[in-house]
Amino acid sequence: MNILLLGSGGREHALAWKMKQSPLCEDLFVMPGNAGTAQVAQNVDIALNNFSGIAHFVIDNLIDLVVVGPEEPLVKGLRDFFALSEKLRDIPFVGPSRAGAQLEGSKDFAKEFMHKHKIPTASSRTFTLKTLYEGLQYVEKHTLPVVLKADGLAAGKGVIIATDTETAKSTLKEMLENKKFGEASEKVVIEQYLDGIELSVFVLTDGEHYHILPTAKDYKRVGEGDTGLNTGGMGAVSPVPFADATFMQKVETKIIKPTLAGLKADKIDYIGFIFIGLMNVKGEPYIIEYNVRMGDPETEAVIPRLKTDLVSLLAHAGTRTLDQITIEEDERVATTIVLVSGGYPETFQKGFAIEKLDEVKDALVFHAGTSQNPAERVLTNGGRVIAITALADTMEEALAIANKGAETIEFEKKYYRRDIGKDLM
Ligand code: AMP
Ligand code: GLY
């Protein structure tokens, strides 16, 4: 099969690395890719908002399977664009239509969906500039802390947890009146704070059937001990020790099944990943958010634990035959540590040479923000630069290996959290 994978992060390197191991994989292209995907696939320099460019590439290269990594092309309607073309509509495509992608593209839509289908989530209400006054009154009466969320995509920055009413009110005004997050904060969801431990659950569905992938926990804050600003993710572990069979049974019956039934009831034909961000509140699962893709860096921990042939799995999703394949998990623990550019998630420099990548032999080294210069040197090219994944029988061993790898690889202003996974041991 000729495969096109869209995206350029650590997630895509992990997916491409796994796809490449499949006997079904013929030509593998990653668009636009990074220096890591270039080792296992052919990078294609076409921007992800250039839908007609993508379409021409797919036709010219006889692509048999399209897999979308990030949410943005989905929210912008790439699948719908393919559905309009006779030449493209029958090519298996893993990723939902614009309607389905609203689960991530609009927090207001997602909350409405959950409330309507009685899926456990924090109580909430949505306000706009027109209803700002009511919003301020709502905040005034709300218990603390209170969570304010920009409705649209805001690169992980659109969530503010306010611990006092004055901050909550001024934040609401800034978001609605001053458009703090641009168009994304034209609507603001105000919701109840959920106190618990977070985890990520990944579902792959073909619209009829589904499989649950290994669970993972992400470390979002930049600082050790979960302090400082939110990032895309500084590390991950899989599986999540507290997500035992009893808890996962609840997740399946109270969260996953009603979500898929809700999509069907609302006539949203969904093929792709659903990433469910959950809070475990005293043993009960509540949804914090839906994403319409795999998580990053969770993918770098989850995919190495997948024994199933990834190409076969995704092709079955694309052809609505997921019932004909099973998922096998590696029993070992995976831990992922992300090396970032100093300064991230605020300002940071790019273009530093990355050294000693080849010296890490016992862990997997996935590239995130990297590029290659004409002299074939690998350079830093983003906030999150490298994700190192170690597999071992215990979390302790896996962390020791991943930490050793994190120490070995060098680039100027390298930073990483040394406490990934420690809260779970
Ligand atoms: P999101 O962009 O929805 O993933 O939110 C970013 C982070 O904010 C989440 O990963 C949680 O840590 C936190 N968060 C979001 N909603 C809530 C909530 N209702 N209660 C507690 N924490 C939340
Ligand atoms: N690691 C969280 C995310 O991918 O959104």
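As the structure lists them, so they are numbered: ligands from 1, and atoms in each ligand from 1.
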So, Glu300 and Thr336: side-chain donor and acceptor under 3.5 Å apart, yes or no? no
Would you mind listing which atoms of ligand 1 come within a distance below 4.0 Å of any non-hydrogen atom of Glu191? 16 (N), 17 (C), 18 (C), 19 (N)
Just which atoms of ligand 2 are under 4.0 Å from any heavy atom in Gly232? 1 (N), 2 (C)
With atoms numbered from 1 as shown, which atoms in ligand 1 lie under 4.0 angstrom from a non-hydrogen atom of Lys220? 10 (O)
Just jot down the ligand 1 atoms closer than 4.0 angstrom to any heavy atom of Lys107, in number order. 2 (O), 3 (O)
Using the six-membered ring of Tyr219, assess whether NZ or CZ of Arg221 lies under 6.0 Å from its centre and within 45 degrees of the ring axis. no
For Val147, counting its heavy atoms only, list the atoms of ligand 1 lying under 4.0 Å from any of them. 16 (N), 18 (C), 19 (N), 20 (N)
Which bit of Arg293 is near ligand 2, meaning a heavy atom under 4.0 Å away: side chain, backbone, both or neither? side chain
Taking Glu284 first and then Lys254, would you say they form a salt bridge - that is, a charged N and a carboxylate O separated by under 4.0 Å? yes
Ligand 1 atoms in contact with Ile288 (distance to a heavy atom under 4.0 Å): 15 (C), 16 (N)
Pick whichever of Asp195, Leu194, Ile161 has a heavy atom sitting closest to atom 21 (C) of ligand 1. Leu194
Going by atom types alone, do Asp296 and Thr299 pair a side-chain donor with an acceptor below 3.5 Å? no
Check whether any N or O atom of Glu298, backbone or side chain, sits under 3.5 Å from an N or O atom of ligand 2, and answer yes or no. yes
Cationic tip of Lys413 above Tyr415 ring, under 6.0 Å, 45° of axis: no
Best match, Val281, Val159, Val146: closest heavy atom to atom 8 (O) of ligand 1: Val159
Does one side chain, of Asn34 or Ser8, offer a donor that lies under 3.5 Å from an acceptor on the other? no
Assess Gly295 for proximity to ligand 2: is some non-hydrogen atom of it under 4.0 Å away? yes
If you count the atoms of ligand 2 from 1 in the order shown, which ones are under 4.0 Å from a heavy atom of Asp218? 1 (N), 2 (C)
Any donor-acceptor N or O pair under 3.5 Å, side chains Thr259, Tyr290: yes
Purely on distance, is any nitrogen or oxygen of Glu289 under 3.5 Å from one on ligand 2? no
So is Gly233 polar-close to ligand 2, meaning N/O to N/O under 3.5 Å? no
Arg293 NZ/CZ over Phe273 ring centroid, <6.0 Å and within 45° of normal: no
Between Thr394 and Glu397, does any side-chain donor sit less than 3.5 Å from a side-chain acceptor? yes
Between Lys217 and Glu198, does any side-chain N to carboxylate O distance fall below 4.0 Å? no
Closest to atom 11 (C) of ligand 1 (heavy atoms only, candidates Glu198, Lys149, Met279) is Glu198
